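The model shown is predicted, which means the values in this text are computed figures rather than measured ones.
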Amino acid sequence: MQLWQAIILGGLYWCSYMSIFPHSLNLLFYQPLTVSLLTGLVMGDVPTAMIVGATIQPLFLGQTQAGWVVTNDAAASGIFTAAVCISTGMDTKSAMALSMAVGLTMSQLTTVRMTVGSFWNTLTDRFISRREYKKIWLSGLVYPALFKMLLYWFPMTVALYFGAENIGFFVDGLPERLQNGLGALGSLMPIVGMCVVASNIGKKGYIPFFYAGFLFSAYSGLGGIGIAITGIIVAWFDFRCQNKGENLNLNFNMSRAQDALLSKKDLNWATVRLLALYSHANSYERYQANGVTTCMMPCLQKLYKEDADGLQEAMVRTTELFNAEDMTSALPIGIALSMEEQKAKGLPIEGSLITETKAALFPPMAAVGDTLNWATIIPTTLALMCPYALQGYWWPAVVTVLIGALLCNTQAFALMRLGYNLGNKAVKELVQSGLINKVINFFTTLGLFVIGGMISSLVHVTTPIEITASGVTFSLQTGLFDELMPNMLTLFAMMIIYRFMKKENVSVLKVIYGTMIIGIILGMLGVII
C-alpha cells in the first residue's frame with residue numbers, strides 16, 4: 001500500500017467520527033458497506049471492496065451506541081479490512097475474522113474521545129461566562145475536529161501503511177484447520193448481527209414476522225427488493241388489521257403565530273446545525289450538550305438581542321446534559337426555542353421550567369429515534385443492499401445513503417418546526433393520538449420480516465459431513481437437510497442465537513464471543529462450513 005493511500009484512508013476514518021449529518025454524509029463513512037465504496041475508489045478496486053463490505057456488514061447491523069459505548073468499530077473494520085483484502089488478496093472469510101479483531105481494538109478510541117470531551121464542555125462554560133459567544137465554535141467544532149485527527153486519522157494511517165500487508169500474510173499463513181474454523185465463523189457471525197437487530201426492535205407478538213420473513217425467502221428464493229416489497233405489504237396489512245375503524249388523522253395546527261420571532265429560515269438553519277454538530281463534541285459528562293448549544297445559539301441571540309443577561313442565562317441552559325437520538329432531538333429543541341421566545345417576550349416562564357421540559361422530553365424521543373432510525377430503517381436498508389453489493393456493484397452504497405437521508409434527516413426538519421409551532425402541545429398531541437406507537441409497530445413488522453428474509457438470503461450454514469456404508473456415501477446436507485427444508489441449518493442457528501439474545505442474564509457480548517468460540521470449534525472439527 002502506498003503512503004498516499006494510507007493517508008487518504010486515515011482521513012476517511014476521521015470523517016466517520018466527525019458525526020456530520022449522521023444519516024447522510026456520516027452514514028457514508030461509518031458503515032462497512034458504504035465506506036467500502038470510498039475505500040475501493042482509493043485502492044483502485046471498487047468491486048472487491050464492495051464484496052468485502054457486504055460480507056462483513058451483517059456483523060454490524062445490530063451495532064448500538066447506547067450511552068456511546070461502542071463495542072465494535074464499524075468504520076475501522078470496513079476501511080481496514082477492504083484495504084487489506086485488495087492489497088493482499090485475502091479471501092472474504094478470513095476478512096470476517098480480521099474485521100472483528102480490528103473493530104474491537106479500534107473501538108477503544110471512542111472511549112478516549114468521550115472522556116476527553118468533558119474538556120470541551122468546560123471551555124464552552126468559560127466562553128459563556130465571559131459572554132464570548134463567537135468562541136463557542138472553537139469548543140463545539142474546531143478543537144474537537146483537530147483532536148480527532150490525532151485520535152483517528154494518524155493511528156489508521158500508520159496501521160494501514162505498516163501493517164496491512166503483514167496482517168494479510170499472517171492470516172493466509174494460518175493452519176488449514178484454523179482457516180476452516182474462521183470460515184465457519186464467517187457463516188455464523190452475520191446471523192448474530194441480524195439477530196441483534198431483531199432483538200432490539202422485536203416486541204412481544206411480533207417475532208413470528210421474523211421467522212415468516214426467513215421462511216418466505218427460503219421457499220420463494222427471493223431476496224433484496226422482493227423481500228422488501230413483500231414486507232411492506234405484510235406490515236401494511238397488519239397495520240390496518242390492528243387499527244381497523246380508528247381515525248388516524250391528527251389535528252395539528254401548523255400555522256405560525258403572527259408574532260413569531262423566528263422565521264422558517266432560522267428554524268431550517270438551526271436544524272442544519274443540529275445535524276452537523278449534534279454529536280461532534282459530545283462527552284460522557286453531558287453527552288450532546290455542546291451540539292445543542294451550537295444549534296440554539298444563533299436563534300437565542302436573535303430572541304434575546306435586547307437582553308444581554310437573558311441571553312447569557314439562556315445559553316447556560318443549553319449546556320445542561322442532553323442525550324437523545326439525532327433526528328428526534330429536534331422536537332424538544334424546537335419546543336425549548338418556543339419557550340425561550342415566550343420568555344424573551346416577557347411571559348412569566350421560569351428558566352427551570354424550560355430545563356425540566358427538555359429533560360422530560362429527550363428520553364422518550366431518544367427511544368423513538370433509536371428504534372425507528374438506528375434499529376430499523378438503517379439496518380433494514382443495509383440488509384436489503386447487501387446482496388447487490390456482494391456482486392461488486394457500487395450503487396448499493398449510494399442508495400443506502402440516499403434512503404437514509406430521505407427517511408431520517410427529513411424528520412429533523414419537520415420535528416423542529418413542529419416543536420416550535422406547537423410548543424408543549426406537540427408532545428401531548430403525539431402521545432395522546434398514539435401515532436408514535438402505531439408508526440413504530442408498522443416499522444417493527446417490516447423490519448423483522450425483512451431481517452428474517454435477509455438472513456435466509458445472505459447466510460448459508462451447511463455441513464460437509466458424509467456417511468459411508470456398504471460403499472454408498474450419504475451426504476447429510478443434500479440427502480437430509482435440503483430435502484426437509486431449504487437452508488434448514490441456518491434457521492436452526494438463527495433460532496438458537498436469537499433465543500440467547502433474549503435471555504435477560506446473557507449480554508450481546510457474551511453471545512458474540514460464544515458464537516465465535518463455538519463457530520471456530522465446529523469449523524475446525526468439520527461439522528459446519
Side-chain angles (χ1 to χ4, degrees), residues 57-67 69-72 74 100 103-104 184-185 187-218 227 231 234-235 238 242 325 363-364 366-380 382-383 436-437 439-459 461 485 487-519 521-522 528:
Q57 179 62 67
L59 288 171
F60 301 94
L61 287 179
Q63 178 80 20
T64 60
Q65 296 180 352
V69 178
V70 179
T71 56
N72 208 332
M100 293 182 62
L104 290 171
L185 175 63
S187 298
L188 291 177
M189 290 310 296
I191 301 177
V192 176
M194 294 190 187
C195 281
V196 171
V197 177
S199 65
N200 285 337
I201 67 176
K203 298 187 292 185
K204 187 176 181 180
Y206 285 82
I207 300 305
F209 292 108
F210 182 43
Y211 295 111
F214 183 97
L215 295 174
F216 171 79
S217 177
I227 295 175
V234 171
D238 176 70
Q242 290 194 45
E325 193 269 340
V368 171
D370 287 340
T371 301
L372 183 61
N373 295 325
W374 292 110
T376 305
I377 293 177
I378 295 301
T380 300
L382 286 165
I436 287 180
N437 290 331
V439 170
I440 289 178
N441 289 343
F442 175 85
F443 280 100
T444 296
T445 302
L446 173 61
L448 287 173
F449 188 91
V450 169
I451 293 299
M454 297 316 297
I455 291 179
S456 177
S457 176
L458 293 174
V459 184
V461 179
M485 180 192 148
N487 216 3
M488 187 174 181
L489 290 183
T490 304
L491 177 61
F492 285 163
M494 182 182 82
M495 294 174 67
I496 293 171
I497 292 173
Y498 183 79
R499 182 176 178 82
F500 278 101
M501 285 283 182
K502 300 303 290 185
K503 286 184 174 292
E504 294 183 359
N505 60 340
V506 179
S507 67
V508 173
L509 284 179
K510 288 182 179 179
V511 176
I512 292 175
Y513 293 138
T515 304
M516 289 174 60
I517 295 171
I518 294 174
I521 292 175
L522 292 179
I528 62 173

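- Atoms CZ and CG, from F210 and L215 in turn, are 11.0 Å apart once rounded to the nearest 0.5 Å.
- The distance from atom CD1 of I451 to atom CG of L446, rounded to the nearest 0.5 Å, is 9.5 Å.
- Of all heavy-atom pairs spanning I191 and M494, the tightest one is CG2-CA, 3.7 Å.
- In this structure a side-chain-to-backbone donor-acceptor pair under 3.5 Å is present from T445 to N441.
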side-chain contact (heavy atoms from CB on, under 4.5 Å) between F492 and V461: does it pass, once the steps are laid out?
CA-CA 9 Å; F492 285 163; V461 179; over 6 Å; no

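- Note: L522 CG to I517 CD1 = 11.5 Å, rounded to the nearest 0.5 Å.
- In this structure, S217 contributes its side chain and G213 its backbone to no donor-acceptor pair below 3.5 Å.
- Between the N487 side chain and the S457 main chain, no donor and acceptor come within less than 3.5 Å of each other.
- Annotation: side chain of V234 is not in contact with side chain of F216 (no heavy-atom distance under 4.5 Å).
- Expressed to the nearest 0.5 Å, how far CD1 of I227 lies from CZ of F214 amounts to 10.5 Å.
- Every side chain to side chain contact (heavy atoms under 4.5 Å, CB included) that I496 has, sequence neighbours left out, goes to F500.
- Here NZ of K502 is found 10.5 Å from SG of C195. Values are rounded to the nearest 0.5 Å.
- Using a 30° and 60° split on the angle between ring planes, Y498 and Y211 fall in the perpendicular class, above 60°.
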